[in-house]
Amino acid sequence: VGIMFRASLGSVTRSTIRYFQNGIQVESTGEYHDFIIANNRVIECIGAGGGPTQKSTYGEDRGDGITVWGCAATITGNLVTARAGQDCRIGIHMEGLANYHADSFPLQDNMCTVVGNVVRGPFRRSIVTENVNNSTITGNTCEGAKWWGIAIVRSLACSVTGNTVIFDRVATDGTGSAWDPIHAGIAVYGGAVQCVISGNTIDLTRGHARAAICLLGSDVDDAVAVEQRAATNGTARATLASANPAVQLGQLITGPGVPSATFVVSVAGTALLASNPIGAGSPLLTFKWHERGQGTAVTNNSVLCNAA
């Protein structure tokens, strides 16, 4: 790793980082928050995957330009590139880890801003937000991704607007093929809820993909539901009868006094914050992932392609 944080409130500006397997990384050992990563050159990143000709399971644990395992990061004006011939994972990556949510309650995996970056070269994904809610990916330019140019994975209320994705993957490229990806310019994967994909330009004229924009649910929408009794007082805050690590942010909440489309905004031990007020009482609440997503708006995008 070129530069690594195990603390909050960090910044990296106007630096050049070259030939690292991970350029700038906010570590996964805590829910660190409030970073500014701006106007850097993270170039010629080195990957860990097997490359375009090997059906390898390697490469999905490293090989990133900029990675934030946390929340509330501003990532703007950076140039991120993968070294030619490498099999890198992600150019700019934000992902939340449930094991550390209590460290930043109630921020918990929210409010990442990715604006005005250029990501180029053989990353599997150029820009990704995963399990990070209320984030925006705006005005970026991506070229060279082998799976997806931009992706939202199991996140709530995120926006992908005004970006340009150039997809130049050759039809025979098998990068990361052991994972069987559906190749696309922009992908919305798993339980993404109320996200917006608007005003983007996806240029497929130089390469091969299954879709310009792919809404890709998991195989099933019957994930195991978690039941937990709680004390509620008519507000969005509730107290669980006991701490339950299976209750995680982003899950749909149902039960007596719970309005429709109510989700877990944050949780730490027995303290829970919901997206809507819950009627006062001691209801038995059910928590469940939306594996196939809902409410995504795809509007006013421009797609260029040579195929039917």
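- Side-chain contact check for Trp69 versus His93: some heavy-atom pair is nearer than 4.5 Å.
- Thr201 places no side-chain N or O within donor-acceptor distance of the main-chain N or O of Ser302, the cut-off being under 3.5 Å.
- Looking only at distances, a side-chain donor or acceptor of Asn163 sits under 3.5 Å from a matching main-chain atom of Asn140.
- The two atoms that bring Ala7 and Tyr32 nearest to each other are O-CB, 3.6 Å, heavy atoms only.
- With sequence neighbours excluded, the residues that form a side-chain contact (heavy atoms from CB on, under 4.5 Å) with Ala192 are Ile152, Val188, Cys195.
- Side chain of Arg210 to main chain of His183: no donor-acceptor pair is present (N/O by atom type, distance under 3.5 Å, no hydrogens or angles).
- Checked by atom type and distance alone, the side chain of Ser275 pairs as donor or acceptor with a backbone atom of Phe263 at under 3.5 Å.
- Within the 3.5 Å criterion, the main-chain N or O of Asn78 finds a donor-acceptor partner in the side chain of Asn117.
- Taking the six-membered ring where tryptophan is involved, the planes of Phe5 and Phe35 are perpendicular, since the angle between them exceeds 60° and thus also 30°.
- The side-chain heavy atoms of Gln228 and Ser242, taken from C-beta on, include a pair separated by under 4.5 Å.
- Between the CD1 atom in Ile24 and the OG1 atom in Thr67 there is a gap of 9.5 Å [rounded to 0.5 Å].
- Put simply, the side chain of Arg154 never gets that close to the backbone of Gly191: no donor and acceptor are under 3.5 Å apart.
- Side-chain N or O atoms of Asn200 include none that pairs as donor or acceptor with a backbone N or O of Thr164 at under 3.5 Å.
- In this structure, the side chain of Arg125 does not engage the main chain of Trp147 through any donor-acceptor pair within 3.5 Å.
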